[in-house]
Amino acid sequence: MASTFKRAVAANVGATPVTVLTAPASKVLTLIDVSCANVEAAAAEVLGTVHTVAGGVTARLIKDGPIPAGGAMVVVGAPRKVVMIATDTLVATCDTANGMDVTVSYLEQDA
């Protein structure tokens, strides 16, 4: 079973949902870290939401998580992990236009 460490990023996430990552066919992804950073120019808190869609079901990993000005929020990280299978997606939104960057580190394995 081949496995590779990879990353995905989404910059300037706003109110329109952004698909950060989609699990490819015949692959299993293990999310190691999902971090959201407040990139709002003003000294303001932003609210970030990250969810997965698996088989048509949406499950939130965080909903309206507060990220202080100049700060970040770890949505997935040690010791917990999230597994994604083929066609599952990781989607992010923010309550502020262009207010959040999302970085994902993950392990991709053959299914």
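For this chain, numbers begin at 1 and follow the sequence in order.
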Point to revise | Worked verdict on Val28 versus Val83 for side-chain contact (heavy atoms from CB on, under 4.5 Å) | key: CA-CA 7 Å; Val28 174; Val83 173; 3.7 Å; yes
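- Contact of the Asp110 side chain with the Ser26 side chain is not registered, since no non-hydrogen atoms from C-beta on lie closer than 4.5 Å.
- Heavy atoms only, all atoms of each residue included: Ala69 and Ala42 are closest at CB-O, 4.5 Å.
- A search for side chain to side chain donor-acceptor pair (under 3.5 Å) contacts involving Thr22 returns nothing, not counting sequence neighbours.
- Every pair tested for side chain to side chain donor-acceptor pair (under 3.5 Å) that includes a residue from residues 76-94 fails, sequence neighbours excluded, so the list is empty.
- Hydrophobic clustering, defined by side-chain heavy atoms of Ile, Leu, Val, Met, Phe, Trp and Tyr closer than 4.5 Å, groups Phe5 together with Ile32, Leu107.
- Going from atom CG of Asn12 over to atom SG of Cys94 covers 10.0 Å, rounded to the nearest 0.5 Å.
- Between Val50 and Cys36, some side-chain heavy-atom pair lies under the 4.5 Å cut-off.
- The two residues Ile62 and Gly48 make their nearest non-hydrogen contact at CG2-O, 4.0 Å.
- A side-chain donor-acceptor contact under 3.5 Å links Thr49 to the backbone of Asp64.
- Within the 4.5 Å cutoff, the side chain of Met100 has no heavy atoms near those of the Val39 side chain.
- Taking the side chain as every heavy atom from C-beta outward, Val20 and Val91 never approach each other to under 4.5 Å.
- In this structure Lys6 satisfies the side chain to side chain donor-acceptor pair (under 3.5 Å) test together with Glu108, sequence neighbours excluded.
- Closest approach of Ala11 and Asp101 over heavy atoms only: CA-OD1, 3.2 Å.
- Applying the side chain to side chain donor-acceptor pair (under 3.5 Å) test to residues at least two apart or on different chains, the pairs with a partner in residues 33-44 are Asp33-Ser35.
- Annotation: side chain of Leu31 is not in contact with side chain of Ser105 (no heavy-atom distance under 4.5 Å).
- Residues meeting the side chain to side chain donor-acceptor pair (under 3.5 Å) test with Asp95, sequence neighbours left out: none.
- Placement of Leu47 and Val18 in two distinct hydrophobic clusters is found when ILVMFWY residues are connected by side-chain heavy-atom separations under 4.5 Å, directly or transitively.
- Residues Val76 and Leu61 form a side-chain contact, since some pair of their non-hydrogen atoms from C-beta on lies under 4.5 Å apart.
- Hydrophobic cluster membership differs between Val53 and Met84, with clusters built from Ile, Leu, Val, Met, Phe, Trp and Tyr side chains linked at under 4.5 angstrom.
- The CG atom of Leu90 sits 6.0 Å away from the CG atom of Leu21 when rounded to the nearest 0.5 Å.
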